[in-house]
Amino acid sequence: MSSEQTPFETDTSKVQTATQDARLGEALDDRFNSKLREAFGSSPFILTKFDKFMNWVRGSSMFMLQFGIACCSIEMMHTYAVKHDLDRFGAGVPRASPRQADVIIVPGTIVSKFAPRMKRVYDQMPEPKFVIGMGSCTISGGPFQEGYNVVKGAEEVIPVDIHIPGCPPRPEALVYGVAKLQERVANGESSPVVVKPYELEEFGDLDRDEVVEKLAAQIDEDDLVMRYNWADSP
Amino acid sequence: MSLEEPEPDATELVADEPLDGDDIEALLGDHVLSRDDHVNAPGFVIRPDEVQDVLFRLRDEAGFDHLSCVTAQEYEDRYESIYHLKQYDDPTQRISVVVPTSKQHPVSQTAEPVYRTADWHEREAYDLVGIEYEEHPDLRRILLPETWQGHPLAMDYDQDRPQIVPLREHANPLQEDHKAEDDTDTMFVNIGPHHPATHGVLHLKTTLDGEQVADVEPDIGYLHRCEEQMAQNSNYRYQIMPYPDRWDYISAGLLNEWAYARAIEEMADIDVPEYAQVIRTMGAELCRIAAHLLALGTFALDIYGDFTATFMYSIRDREKVQSILEDLTGQRLMFNYFRLGGVVWDLPEPREEFFDKIRNYLDELPAGLEEYHDLVTGNEILQARTVNTGVLPKDVAKSYGATGPVARGSGVDYDLRRDDPYGYYDELDWDVAVEDGCDNYSRLLVRMREVEESAKIIEQCVDLLEDWPEDERNIQSNVPRTLRPDDDTEIYSAVEGAKGELGIYMRADGTEQPARFKIRSPCFSNLQTLPEMSNGEYVPDMIASLGSLDIVLGEVDR
């Protein structure tokens, strides 16, 4: 750090603020003129680049939720630990709290009593969040599919980005799955979060058809939020 | 409640000579309605309102101080609870007390005042089969959610009817303020079901008074994946064997498989070649080492959050065991290696290389254990947390049906490998590790000493296998393709799993599938002692006690 360095000041003359000035008034708000903006230039093109950059960052530094359910969690522990060492791939920081985690690996059979708890853990994770389904039980219920108490796959409860088959998958398979997820995240391809109507609390006791009927009745055509006229939008 | 010592002179009287079924029938007198003998135990049918009388008499006058299992089942014309009793001193002394109840009114007297372990076992019987127990202190569902409709192992249960549980039923239990009106000093804390210290999906409902645990109630069933139903829908010969691997999944697969193999081999009278028994013994002990190493690593993790040293070391050693087991069985975790009457294939070729691998591992093990003793048992922090905490006195452990390292850490000298020998154990030279400290530290020491003993057993097995003549390497006896044990054959038999007595009750109905398949899981009984150990202790001591019990939720919930 050199002592002659002056505090950073934005050189507003170099920033194109014509649109902003026209809409918000001159020098009303310089929140768009960040250091990064200046460094990269101020065309909107940079923003998409920045998204790409953020995706790459997300994919390269994944905080995993320390989450164990059943047999697969033993292999998951082996994947985190010596020999396989998931940390090498920028994905090996197990966080005990869902509020600090990006990725939840679902390692095992989900049963009726645990499914709502798992959903709550998932809901507590901050966006953007990703789910890795580890093992056959999270795909279909696996060897326990016919059990009266077994949820037939993690997808029934939360959206899953990557499924890793196996009973249990070897640590190598889990590493491969995590690497695949990182690749997808880095390319901005992670699957969208889908909220099924029956997951909404207010419809919890209705059949699915009734939910659709009720939702359809609620739509007011004059009050749609989405706009199609891009020219008019600010 | 009923923890008074059994009459000492009465037990000594019977300890001299084993009782046979007729002696016990004479002892019980009019209580016995009829005999219903099981394959390796005499069975006595009694009235449902005389359960406590009979069990008190058997416990106090005949020395049956171990209620290992309670099996409930439904027949066409009746419900039945079976109490499988044993003696801690001599587990080959076993009897079954059969309590039939009517179809319309399935109510039977509880055994909880006699054996404390009956509490959870009877709750499970109520939950899955639907028998009600009179005077039971707390008869609620234990494995299934409170909102469940029907009893899934009862005959009239409709498998295809979906269970509809609206979301509001799963409201956050802590949403409302749970402060008690009259006792404002205590605080309610949920630990789990998602918590790093609960070793899986266990839920502890804890009431705290300051930093001390006023009350803790384990809430289980978050991994109840219908193992008993799965086994009842599979055939004896091939389809059941993969499931035991998934009960105690901490690499203890072969030990679990042996529980099923032993039960069906005794039931259908199948011989196992000596060579296969040696391989089984060796594989099972390798599994025990792997299981105990993980218990050690997670215990250290629980107590001083040591994710980087001890945990990694124990995983490193486990990797080596898993690699040996993978060479032997072809899988890292879910081995599916045992078959009825033997094992699926012989040792891998070249055999010398395989033996060298095991020997190298065994050579490194003492130095590794020394390292653990430096790191863990000699560590002052760990000692402060474990010595004289989580005390489980001997008689309490017995009353709760504790087995395995938990019982042996409380001075109960009980190990089925020695007391009820199977496999090749009685031919080999090894000791049972027993500590009488009764605290968390003793249970840790027992596990570490058992690793040494297992290493001794493996070494002797390797010696035997190396010199085994080539033309006598018979890995499987001749077992029919379809196995149909005789109708109404019943058996309860157990082996020493990594966590304790792992027992199987099976009833055949003449088909190729068992009519009832009940798993007696050691962790289920061991976990029940947690409130006994932690009430009044500090919260971190409770976590230490839980770690020292070394439960596997797959086996607790099945």
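First the proteins, then the strands, lettered A, B, ... as listed; each starts at 1.
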#### Entry: Heavy-atom side-chain contact between B/His224 and A/Tyr148 under 4.5 Å
yes
### Task
Give a yes/no verdict on a cation-pi contact between B/Arg316 and B/Tyr313, requiring under 6.0 Å between NZ or CZ and the six-membered ring centre and an angle within 45° of the axis.
yes
### Task
Compute both the distance and the angle, then confirm whether A/Arg117 meets the cation-pi test with B/Tyr222: under 6.0 Å from the six-membered ring centre, within 45 degrees of the axis.
no
[X] portion near chain B, given a 4.5 angstrom heavy-atom threshold:
{"X": "A/Leu65", "value": "side chain"}
{"X": "A/Val121", "value": "side chain"}
{"X": "A/Ile69", "value": "both"}

### Query
Side chain, backbone, both or neither: which part of B/Leu202 has a non-hydrogen atom closer than 4.5 Å to chain A?
neither
### Message
Using a 4.5 angstrom heavy-atom cutoff, name the option from B/Glu227, B/Arg332, B/Met230, B/Met334 with the most pairs to chain A.
### Response
B/Arg332
### Summary
One option among B/Pro193, B/Pro242, B/Gly200, B/Gly554 has the most heavy-atom pairs under 4.5 Å with chain A, and it is B/Pro193
### Message
Between A/Arg99 and A/Met125 (side chain of the first, backbone of the second, donor and acceptor by atom type, cut-off under 3.5 Å), is there such a pair?
### Response
no
### Message
Check for me whether the distance between the ring centres of B/His194 and A/Phe67 falls short of 6.0 Å.
### Response
yes
### Task
Give the member of A/Met118, A/Glu75, A/Met77 that has the highest number of heavy-atom pairs under 4.5 Å with chain B.
A/Glu75
